[in-house]
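A quick write-up on the structure given underneath.
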Amino acid sequence: MRILVIEDEKRLAFTLADMIGGAGYYTDVSHDGAEGLELAQTGIYDAIVLDVMLPGENGFDVVKKLRKAHVQTPV
């Protein structure tokens with residue numbers, strides 16, 4: 001299982017990634033909404049952990065754009 005963490009606070013993002021990785025999952029991290037959206041649209045993720053307040057695109061806009069692009073990955 002591969003999980004994308006989109007969180008602008010780097011310390012929190014890497015802590016989440018370490019915890020998720022420690023549970024045996026692969027993780028990728030993005031620190032802004034635009035990059036996170038680009039990664040999420042690849043369709044390779046089984047789940048996305050998404051912050052709401054992000055630089056670039058906020059979390060609500062990221063989800064709206066993912067759903068508009070027919071990406072149904074759980075967030």
Side-chain angles (χ1 to χ4, degrees):
M1 181 175 260
R2 189 176 198 124
I3 299 174
L4 175 61
V5 175
I6 307 172
E7 168 60 60
D8 61 323
E9 190 176 318
K10 292 181 181 180
R11 186 172 172 188
L12 177 57
F14 289 118
T15 298
L16 288 169
D18 285 344
M19 291 174 62
I20 293 167
Y25 303 106
Y26 295 102
T27 59
D28 293 318
V29 175
S30 173
H31 299 295
D32 68 72
E35 179 190 44
L37 175 61
E38 186 177 320
L39 289 171
Q41 287 178 325
T42 64
I44 64 171
Y45 297 100
D46 298 294
I48 300 169
V49 177
L50 176 63
D51 186 17
V52 172
M53 296 178 62
L54 294 166
E57 301 270 353
N58 71 49
F60 294 118
D61 290 339
V62 169
V63 172
K64 285 179 191 174
K65 289 179 179 182
L66 287 173
R67 297 305 183 242
K68 188 173 182 177
H70 306 288
V71 176
Q72 296 299 317
T73 307
V75 178

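- From K64, atom NZ reaches atom CD of E57 across 11.0 Å, with rounding to the nearest 0.5 Å.
- Residues V49 and L12 are members of one and the same hydrophobic cluster, defined by side-chain heavy-atom contacts under 4.5 angstrom among Ile, Leu, Val, Met, Phe, Trp and Tyr.
- Tracing side-chain contacts under 4.5 Å through hydrophobic residues (I, L, V, M, F, W, Y), one never reaches I20 starting from Y26; they form parts of separate clusters.
- Minimum interatomic distance between V75 and R67 (heavy atoms only, all atoms of both residues): CG2-NH2, 3.8 Å.
- Side-chain contact between D8 and D51: present, with at least one pair of heavy atoms (C-beta onward) separated by less than 4.5 Å.
- No side-chain N or O of Y25 forms a donor-acceptor pair with one of D46 less than 3.5 Å apart.
- The OG1 atom of T15 sits 10.0 Å away from the CD atom of E7 when rounded to the nearest 0.5 Å.
- Linking ILVMFWY side-chain heavy atoms closer than 4.5 Å, directly or via other members, places V71 and I44 in a single hydrophobic cluster.
- Put simply, CZ on F14 and NE2 on H31 are 3.5 Å apart, with the number rounded to the nearest 0.5 Å.
- The minimum heavy-atom distance between A40 and I48, with the atom names listed, is CB-CD1, 3.7 Å.
- The number of heavy-atom neighbours closer than 6.0 Å to CE of M1, taken from other residues, nucleotides and ligands shown, is above 12.
- In this structure the side chain of I3 never reaches within 4.5 angstrom of the side chain of Y45, judged on heavy atoms.
- Counting heavy atoms from C-beta on, the side chains of L16 and R11 never come closer than 4.5 Å.
- When all heavy atoms of A13 and V29 are compared, the pair lying nearest together is CB-CG1, 3.7 Å.
- Heavy atoms only, all atoms of each residue included: S30 and G36 are closest at OG-N, 3.1 Å.
- For the side chain to side chain contact (heavy atoms under 4.5 Å, CB included) test with L66, the passing option among L37, L50, D61 is L37; the others fail.
- In this structure the side chain of L54 reaches within 4.5 angstrom of the side chain of I6, judged on heavy atoms.
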Checking side chain to side chain contact (heavy atoms under 4.5 Å, CB included) for the pair R2/D28: CA distance, chi angles, key distance, verdict? CA-CA 8 Å; R2 189 176 198 124; D28 293 318; 2.8 Å; yes
